[in-house]
Q: 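Sharing a structure below in C-alpha cells format, with a few things to ask.
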Amino acid sequence: MGLTASLGTAWLSANARGSIAAKNNEMNSSVKESECLPHNFCHYRVLAGPFATMNLGDLGAEVIKVERPGAGDDTRAWGPPFAGTESIYFLSVNRNKKSIAINMKDSKGVKVIKELAAASDVFVENFVPGKLAKMGLGYEDIKKIAPHIVYCSITGYGQTGPVVQRGGYDSIAAAVSGLMHITGHEDGEPVRSGVAMTDLATGLYTYGAIMAGLLQRYKTGKGLHIDCNLLSTQVACLTHVAANYLNCKIEAKRWGTAHGSIVPYQAFKTKDGYIVVGAGNDHQFVTVCKILNLPEVRKDSRYKTNTLRVQNRKELIDILSTRFSEKATIEWLQLFEGSGVPYGPINNMQQVFSDPQVLHNGLVMEMNHPTAGKIAVPGPGVRYSEFAMSHPKPPPLVGQHTVEILKSVLGYEDDAIEELLCTGAVAQHEVR
C-alpha cells in the first residue's frame, strides 16, 4: 500500500497534550495520535508517541499535534538546555508536525478532536486506559464516527490487567521489565541507559504496528485498535536474556560492557581511552590474538572455543586488558583496521558528529525554527532507494497552526473559528 512516499498528504493530529491525526488522500482516510493531556492525567506521551509519529512525518505524513493551550506538551519545559525559550528535548522529537491547541475540558474542544479523528487514518493516544472513554474519545467512540480508524494506544502497562492505572515513564518500565537489573557494572548498582531506550523501542513498535494496521485496513476496509505499551515492549526486547531464564532458569546479571555468552566482547581501557572489540567466532578471536601479538594465548587450549573462553573469562580478559593498556586508542584502531574483527572507539558527542561515516550517512537534519533560529537534530536512520525523505519542517510552537487546521482540514468558517478562540476551546499562537 505504500505508507512511504504516498503519504505526502497524510494528516496526523493529536489531542490534549499531543495527539496526531493523519489523512491519506490516496487511501481516503486519516490518522490520529495523542501526545497531550490535562494536568490530572498520568502521561506516557513524553517520547514513545512523539518518536513514532515523527518517523511517520519523515515519510511525508502531515502531523498535527494536539496540545493543551498555554503550556502544551510537558517536554516543552524540560531543560536546560534551551534554544532561546524552546526545550532542546522537545525539539529533538517533534519535527514535521503541526500544532493545534485544544482545551479538552471544553465540550467544543472535544467536538473538534472528534472531527479531526473522522478526517484521519490513524489515532494515536497516550492516556491511562479509560480516560479518553470518559470524554467520549475512546476507541469505541471514535470507531462509531470513523470505522476506518487505526486507533493506537500507548500506555505504561497495557489496556487491561492489575496495574494498568499506574503511570509509566521509561525508567519505571525499565526497572519493572528487568532492563535495569541487567544494566550496569558487574558488581555495581542497577543503571539507567543513557537514553530512554524503552520509550524509543515502544515508539518503533508503534510505528511498525501502525503500518501493519494500515495494511490490514487496506485489505479489509476496517479499522482496528492497537495496544502498545512500555512494559510489553521492554520484556519483548529482553530476547536472549529472557530466553536464558525461560528455558534454563538462569537468572540474569549485570555484565558492564561485556557479554554473558561471548568472550571477548567488551570495552578495554587503552592508554588514553577505550576501545570495544567483539570476537563473535573462533576465527575472529585468532585474529585478535595476532593483532595483540599474543601467540601463546591463541594456542592455549583454554581459549580454543567460545564456550571455553566464557568458562575462562577472567583469566583471558586480564591478559587482553593488560595488552590493550599498552597503546593509545588510535594505535589500536589502526591495527584493527581491515582485520575483519568488529571494533570501535567509545566516542563522545563531539567525536560522534565528526565521524566520517556519520557525516556520510547524513544523520543530521537542520531546520530554521520560528523562535529558536537554526536548529539541528539527529534524523532517521533509514534510507530508501526509490525516494528521498521529505525536507524536515521545524517543531511547532504551541497552537501555531490552530486556525490553519480548522480551516484547511475541517473546513471551519472564520466566524466559527473566532467563536472557538473567544471561548477558549482552542488557542492560536501568533508567531512574531
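Just so you know, residue 1 is the first one in the sequence shown, and it goes up from there. These numbers were taken from a predicted model, which means no experiment stands behind them. The analysis underlying the following values was restricted to heavy atoms, covering all of them including side chains, and did not include hydrogens, waters or symmetry mates.
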Q: Are any non-hydrogen side-chain atoms of I405 and L116 less than 4.5 angstrom apart?
A: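 Counting from C-beta outward, I405 and L116 do come under 4.5 Å.
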Q: Examine the side chains of S153 and E125 and answer whether a donor and an acceptor come within less than 3.5 Å of each other.
A: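 Judged by distance alone, the side chains do pair up.
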Q: Within the side chain of W332, is there an N or O that forms a donor-acceptor pair under 3.5 Å with the backbone of T270?
A: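 Not a single qualifying donor-acceptor pair exists.
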Q: Distance-only, no hydrogens or angles: does the Q428 side chain make a donor-acceptor pair with backbone N or O of Q400 under 3.5 Å?
A: yes
Q: Check whether any side-chain N or O of T402 sits under 3.5 Å from a backbone N or O of A101 as a donor-acceptor pair, and report yes or no.
A: yes
Q: Which pairs of donor and acceptor atoms, one on a side chain in residues 233-243, lie under 3.5 Å apart (sequence neighbours left out)?
A:
{"residue": "T233", "atom": "OG1", "partner": "T202", "partner atom": "OG1", "Å": "3.3"}
{"residue": "T233", "atom": "OG1", "partner": "N229", "partner atom": "O", "Å": "3.0"}
{"residue": "Q234", "atom": "OE1", "partner": "T198", "partner atom": "OG1", "Å": "2.8"}

Q: Mind jotting down which residue pairs meet the ring-ring contact (aromatic ring centres under 6.0 Å, His included) criterion with at least one end in residues 82-106? Sequence neighbours excluded, please.
A: W78-Y89
Q: Taking R313 for the side chain and G260 for the main chain, is one N or O donor matched with an acceptor at less than 3.5 Å?
A: yes
Q: Does Q165 use its side chain to pair, donor to acceptor, with the backbone of P129 at less than 3.5 Å?
A: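 Pair found, side chain donor or acceptor close to backbone of P129.
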Q: Return the set of residues passing salt bridge (charged side-chain N to carboxylate O under 4.0 Å, His left out) with R254 (not counting sequence neighbours), or none when no residue passes.
A: none
Q: Would you mind listing every salt bridge (charged side-chain N to carboxylate O under 4.0 Å, His left out) that reaches into residues 334-362, with sequence neighbours excluded?
A: none
Q: Quick one: which residue pairs count as a salt bridge (charged side-chain N to carboxylate O under 4.0 Å, His left out) with a foot in residues 181-196, not counting sequence neighbours?
A: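 Qualifying pairs: E186-K253.
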Q: Name the atoms and distances for all side-chain donor-acceptor pairs under 3.5 Å in residues 208-216, with sequence neighbours left out.
A:
none

Q: Scan R95, K393, K374 and name whichever one has a salt bridge (Lys or Arg N to Asp or Glu O under 4.0 Å) with E366.
A: K374
Q: Any sub-3.5 Å donor-acceptor pair from E67's side-chain atoms to D73's backbone N or O?
A: yes
Q: Partners of E331 by salt bridge (charged side-chain N to carboxylate O under 4.0 Å, His left out), sequence neighbours excluded?
A: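 E331: no salt bridge (charged side-chain N to carboxylate O under 4.0 Å, His left out) contacts found.
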Q: With no hydrogens and no angle check, do the side chains of D272 and T329 hold a donor and an acceptor under 3.5 Å apart?
A: yes
Q: Who passes salt bridge (charged side-chain N to carboxylate O under 4.0 Å, His left out) against K111, sequence neighbours left out?
A: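 For K111 the salt bridge (charged side-chain N to carboxylate O under 4.0 Å, His left out) partners, ignoring immediate neighbours, are E115.
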Q: If we only count heavy atoms from C-beta on, is the P345 to V276 side-chain gap below 4.5 Å?
A: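 They are not in side-chain contact.
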Q: Okay, side chain of S177, backbone of L231: is any donor-acceptor separation there less than 3.5 Å?
A: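 Flag not set: sc S177 to bb L231 has no pair under 3.5 Å.
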Q: Would you check if the side chain of D141 reaches a backbone N or O of G138 as a donor-acceptor pair within less than 3.5 Å?
A: yes
Q: Could you pull out all residues at least two apart from K144 that satisfy salt bridge (charged side-chain N to carboxylate O under 4.0 Å, His left out)?
A: none
Q: Decide yes or no on side chain to side chain contact (heavy atoms under 4.5 Å, CB included) for D282 and R309, but give the supporting numbers first.
A: CA-CA 10 Å; D282 297 335; R309 292 192 291 275; 2.9 Å; yes
Q: Give a yes/no verdict on a cation-pi contact between K269 and Y274, requiring under 6.0 Å between NZ or CZ and the six-membered ring centre and an angle within 45° of the axis.
A: yes
Q: Judged by modelled atom types alone, do N281 and N306 share a side-chain donor-acceptor pair under 3.5 Å?
A: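 Note: N281 and N306 side chains miss the donor-acceptor criterion.
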Q: Strictly distance-based, threshold 3.5 Å: is any side-chain N or O of R68 a donor or acceptor partner for the main-chain N or O of G72?
A: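 It does hold such a pair.
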Q: Within the distance-only criterion (no hydrogens, no angle test), does the side chain of Q351 pair as donor or acceptor with the backbone N or O of N348 below 3.5 angstrom?
A: yes
Q: Regarding T307 and Q311, do their side chains bring together a donor and an acceptor under 3.5 Å, going by distance alone?
A: no
Q: Could you please spell out the steps behind the side chain to side chain contact (heavy atoms under 4.5 Å, CB included) verdict for L420 and Y412?
A: CA-CA 10 Å; L420 290 174; Y412 274 58; 3.4 Å; yes
Q: Write out all pairs satisfying ring-ring contact (aromatic ring centres under 6.0 Å, His included) with one or both partners inside residues 333-374, taking only residues at least two apart or from two chains.
A: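 Sorted pair list: F336-Y343.
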Q: Are side-chain heavy atoms of F268 and L292 found at a separation under 4.5 Å?
A: no
Q: What are the two closest heavy atoms between L137 and I142, and how far apart are they?
A: O-CG1, 3.6 Å
Q: Can you sort out the partners of Y205 under ring-ring contact (aromatic ring centres under 6.0 Å, His included), two or more places apart, ordered by chain and number?
A: none
Q: So, do T155 and V128 sit near enough that their side-chain heavy atoms are less than 4.5 Å apart?
A: no
Q: Scan residues 203-216 for pairs that pass salt bridge (charged side-chain N to carboxylate O under 4.0 Å, His left out), counting only residues two or more places apart or in two chains.
A: none
Q: Do the ring planes of Y139 and Y151 sit parallel (below 30°), tilted (30 to 60°) or perpendicular (above 60°)?
A: perpendicular
